[in-house]
Amino acid sequence: MCGIVGLVAKSNVNQGLYDALTVLQHRGQDAAGMVTCDKGRFFLRKDNGLVKDVFRTRHMQRLVGNMGIGHVRYPTAGSSSSAEAQPFYVNSPYGIVLAHNGNLTNAYDLAKDVYREDLRHVNTSSDSEVLLNVFAHELQEQKKLVPTAQDVFDTVKRVHKRIKGGYAVIAMLAGYGVVGFRDPNGIRPAVFGKRETVNGAEYMIASESVALDALGYELVRDIEPGEAVYIDVDGNLHTQQCAENPKLTPCIFEHVYFARPDSIIDKISVYKARLKMGARLAEKILKLRPDHDIDVVIPIPDTSRSSALELANRLGVKYREGFEKNRFIGRTFIMPGQQLRKKSVKQKLNALDLEFRGKNVLLVDDSIVRGTTCEQIIEMARDAGANKVYFASAAPPVRYPNVYGIDMPAKEEFIAHGKSVEEIRVAIKADWLIYQEIEDLIDATCDGADVQYDFDCSVFNGEYITGDIDSTYLENLQIRRNDAQVEKANADSGIIDLHNDETAE
């Protein structure tokens with residue numbers, strides 16, 4: 001998962017991009033990048049690390065211009081090289097930089113087409129670079145010396161026809177403008193907002209509305225599935241639907257885990273959705289165990305807090321913060337490598353004995369993926385003196401790979417793969433385990449919305465909405481994942497990447 005942002009303003013955008021990327025840091029902690037444009041010239045800085053570490057004063061001073069885009073990235077398997085950091089750049093036509101959140105399901109075939117048919121070279125294993133070259137080729141096919149908004153929209157139309165998967169994209173054309181677009185299913189989120197200044201209107205495109213809030217932009221709306229939003233260098237807004245059969249089918253895992261609770265995605269409050277998830281879990285508990293003996297509800301920080309609070313309220317039991325979190329350790333889920341994940345849990349959380357000793361505790365997490373983390377947390381609760389340890393997941397069992405931008409492609413890694421709930425309970429050593437029903441998850445997320453959404457729930461039900469995913473695809477994906485891990489191991493052993501970008505040093 002990644003975070004993207006684009007700005008077209010009346011003054012330098014470097015500080016605004018930095019602030020927005022910091023707000024979106026939860027979407028990726030592996031690498032960060034920024035490109036600004038001044039008088040048709042690009043200025044680039046990107047590297048591995050957090051936003052605060054990648055951008056120093058000397059970099060910010062050189063990132064000049066009233067237009068720019070930025071990206072924060074989380075590591076996919078075998079791809080933690082700084083050469084994979086975004087945005088990516090091509091010099092023809094015009095000069096284009098692009099940042100992307102999501103995953104192209106036909107990237108492997110596209111990469112071959114880009115070389116054989118478009119005569120373009122792709123230098124990394126990133127599908128984002130493939131996407132950039134497809135976009136650049138289709139824009140060049142417009143054969144215009146000066147691109148118009150309609151040329152950009154016609155390009156996006158052709159891109160939609162060539163690429164498949166889930167994607168939200170922001171691209172910048174040197175000296176001309178910034179365009180953002182979303183896949184025809186709206187799997188990955190994107191919004192745009194406006195801010196009035198004494199010099200005129202300024203626009204921002206971002207992954208989540210919280211980035212707009214932080215910089216004082218008013219949320220205009222979500223970018224619709226298949227739609228493109230183009231802001232030219234003079235600050236004029238243009239929008240157009242560019243897909244033939246768009247249908248809003250957003251990723252429900254954004255609401256379960258990835259998005260910040262203070263964001264609004266597709267007109268749905270993430271915070272409210274998580275409260276409702278807790279309420280639905282409480283209803284299930286009361287139905288299954290009306291005479292439950294739960295003494296206290298404790299969330300596993302941070303994303304489960306909203307659900308756990310409402311769950312406790314509905315059950316009429318105490319809500320307590322039983323784990324103290326080390327704020328300087330990255331989120332466990334997005335750390336590369338199972339060994340690091342196991343090592344990180346006790347570095348990240350410490351149990352407060354006062355809240356556990358002699359009590360029947362219900363621990364609440366947003367989801368259970370590999371199970372190693374919750375097993376260790378249950379052990380920590382017992383070590384802190386808990387009498388019984390129950391465990392609740394605000395999401396259904398994760399049983400299937402995600403192919404639209406979440407790095408969990410191998411189903412064998414999931415604790416729920418091939419197991420019943422009782423078998424999972426035994427594996428994580430809980431006294432009782434309860435999962436959210438998928439129907440309740442969907443209803444909770446939609447509750448209060450104007451329409452009933454069709455969500456991408458593929459990680460729970462194995463139904464891939466793009467219609468191009470089968471067992472062969474998943475097997476090949478795992479092979480490429482393993483190959484990428486070998487490549488990364490070679491790189492870690494001392495092989496030097498000569499394409500490491502340091503243009504802003």
Side-chain angles (χ1 to χ4, degrees), residues 252 255-257 261-262 268-325 349 351-369 371 373-398 416 420-422 424-426 428-448 460:
I252 203 166
H255 297 279
V256 170
Y257 176 80
D262 45 345
I268 296 173
S269 164
V270 176
Y271 173 72
K272 184 177 179 181
R274 289 177 183 168
L275 286 177
K276 296 293 184 180
M277 291 174 202
R280 295 303 175 98
L281 262 179
E283 292 172 5
K284 183 175 180 180
I285 290 172
L286 291 172
K287 181 179 179 181
L288 294 176
R289 294 193 178 184
D291 299 322
H292 68 81
D293 59 352
I294 300 168
D295 296 316
V296 62
V297 173
I298 294 177
I300 298 173
D302 285 312
T303 45
S304 63
R305 280 198 172 101
S306 304
S307 297
L309 178 60
E310 188 65 11
L311 172 60
N313 288 338
R314 295 297 180 102
L315 292 182
V317 302
K318 294 179 181 178
Y319 169 90
R320 290 289 187 268
E321 294 283 345
F323 293 103
E324 183 64 25
K325 184 176 182 180
L349 295 176
L352 301 172
D353 290 13
L354 178 67
E355 300 298 348
F356 290 92
R357 193 160 304 282
K359 299 176 183 177
N360 297 331
V361 178
L362 175 64
L363 302 180
V364 181
D365 206 352
D366 52 75
S367 58
I368 303 172
V369 182
T373 297
C374 56
E375 180 184 352
Q376 293 177 71
I377 289 173
I378 290 169
E379 181 182 354
M380 290 169 64
R382 295 196 193 281
D383 291 343
N387 181 32
K388 293 182 180 179
V389 182
Y390 307 134
F391 204 96
S393 168
V398 176
S420 67
V421 173
E422 175 60 18
I424 300 168
R425 181 198 68 78
V426 171
I428 65 175
K429 300 180 177 63
D431 292 299
W432 185 41
L433 173 63
I434 184 167
Y435 278 101
Q436 186 88 263
E437 298 295 328
I438 191 167
E439 296 81 9
D440 288 339
L441 175 62
I442 293 171
D443 289 344
T445 308
C446 289
D447 195 1
F460 307 124

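Nothing here was measured: the structure is a model prediction, and the numbers come from that model. When a residue number appears, it is its place in the shown sequence, counting from 1.
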* Is there a side-chain contact between Pro396 and Glu437, using heavy atoms and a 4.5 Å cut-off? -> no

* **Ion pair Lys388/Asp293, N-O distance below 4.0 Å** => yes

* Going from NZ on Lys272 to CG on Asp447, what distance comes out if it is rounded to the nearest 0.5 angstrom? -> 6.0 Å

* Asked: Name the one of Thr373, Ile377, Val364 that satisfies side chain to side chain contact (heavy atoms under 4.5 Å, CB included) with Ile300?
  -> Ile377

* Asked: Between CG of Leu315 and CG of Leu311, what distance do you get to the nearest 0.5 Å?
  -> 4.5 Å

* Of the non-hydrogen atoms in Asp353 and Ala384, which two are nearest, and what is the gap between them? -> OD1-CB, 3.5 Å

* To do: Please round to the nearest 0.5 Å and tell me the distance separating atom CD of Glu355 and atom CD of Glu321.
  => 9.0 Å

* Return yes when atom OH of Tyr271 has more than 12 non-hydrogen atoms of other residues, nucleotides or ligands closer than 6.0 Å, and no otherwise. => no

* side chain to side chain contact (heavy atoms under 4.5 Å, CB included) evaluation trace for Thr445 with Ile252 -> CA-CA 8 Å; Thr445 308; Ile252 203 166; 3.8 Å; yes

* **Distance-minimising heavy-atom pair for Phe460 and Val398** => CE2-CG2, 3.7 Å

* Asked: So how far is it from Leu362 CG to Asp431 CG, rounded to the nearest 0.5 Å?
  -> 11.5 Å

* To do: Using a 4.5 Å cut-off on heavy atoms from C-beta on, say whether the side chain of Phe356 contacts that of Ile298.
  => yes

* Mind checking whether Trp432 and Val389 have side chains closer than 4.5 Å, heavy atoms only? -> no

* Quick one: does Gln436's side chain get under 4.5 Å of Arg280's, heavy atoms only? -> yes

* Using a 4.5 Å cut-off on heavy atoms from C-beta on, say whether the side chain of Tyr435 contacts that of Ile368. => yes

* Structure fact -> dist Cys374:SG -> Met380:CE (nearest 0.5 Å) comes out at 12.5 Å

* Take Leu286 and His292, measure what side chain to side chain contact (heavy atoms under 4.5 Å, CB included) needs, and give me the verdict at the end. => CA-CA 8 Å; Leu286 291 172; His292 68 81; 4.1 Å; yes

* Heavy-atom distance under 4.5 Å between the side chains of Tyr319 and Val296, does that happen here? -> no

* Calculate, to the nearest 0.5 Å, the distance between atoms CZ and CD1 belonging to Arg425 and Ile434 respectively. => 13.5 Å

* Asked: If you look at every heavy atom in Pro299 and Arg320, which pair is closest and at what distance?
  -> CD-O, 3.2 Å

* Locate the shortest heavy-atom distance separating Arg274 from His255; write the atom from each residue and the value. => NE-O, 2.6 Å

* **Tyr390 side chain reached by Val361 side chain, heavy atoms, under 4.5 Å** => no

* Asked: What heavy-atom pair brings Leu354 and Lys359 nearest, and what distance separates the two atoms?
  -> O-NZ, 3.5 Å

* So, Glu310 side chain and Leu275 main chain: donor-acceptor pair closer than 3.5 Å or not? -> no

* Judged by modelled atom types alone, do Asp366 and Ser304 share a side-chain donor-acceptor pair under 3.5 Å? -> no

* Shortest non-hydrogen contact from Leu349 toward Phe323 -> CD2-CB, 4.2 Å

* To do: Output, in order, the C-alpha distance, side-chain angles, deciding distance and verdict of salt bridge (charged side-chain N to carboxylate O under 4.0 Å, His left out) for Glu375 and Lys429.
  => CA-CA 6 Å; Glu375 180 184 352; Lys429 300 180 177 63; 3.0 Å; yes

* Asked: So, do Leu441 and Val256 sit near enough that their side-chain heavy atoms are less than 4.5 Å apart?
  -> yes

* To do: Please report the C-alpha distance between Asp295 and Lys318 in whole Å, then the side-chain angles of each, then the deciding distance to 0.1 Å, and finally whether the salt bridge (charged side-chain N to carboxylate O under 4.0 Å, His left out) criterion is met.
  => CA-CA 7 Å; Asp295 296 316; Lys318 294 179 181 178; over 6 Å; no

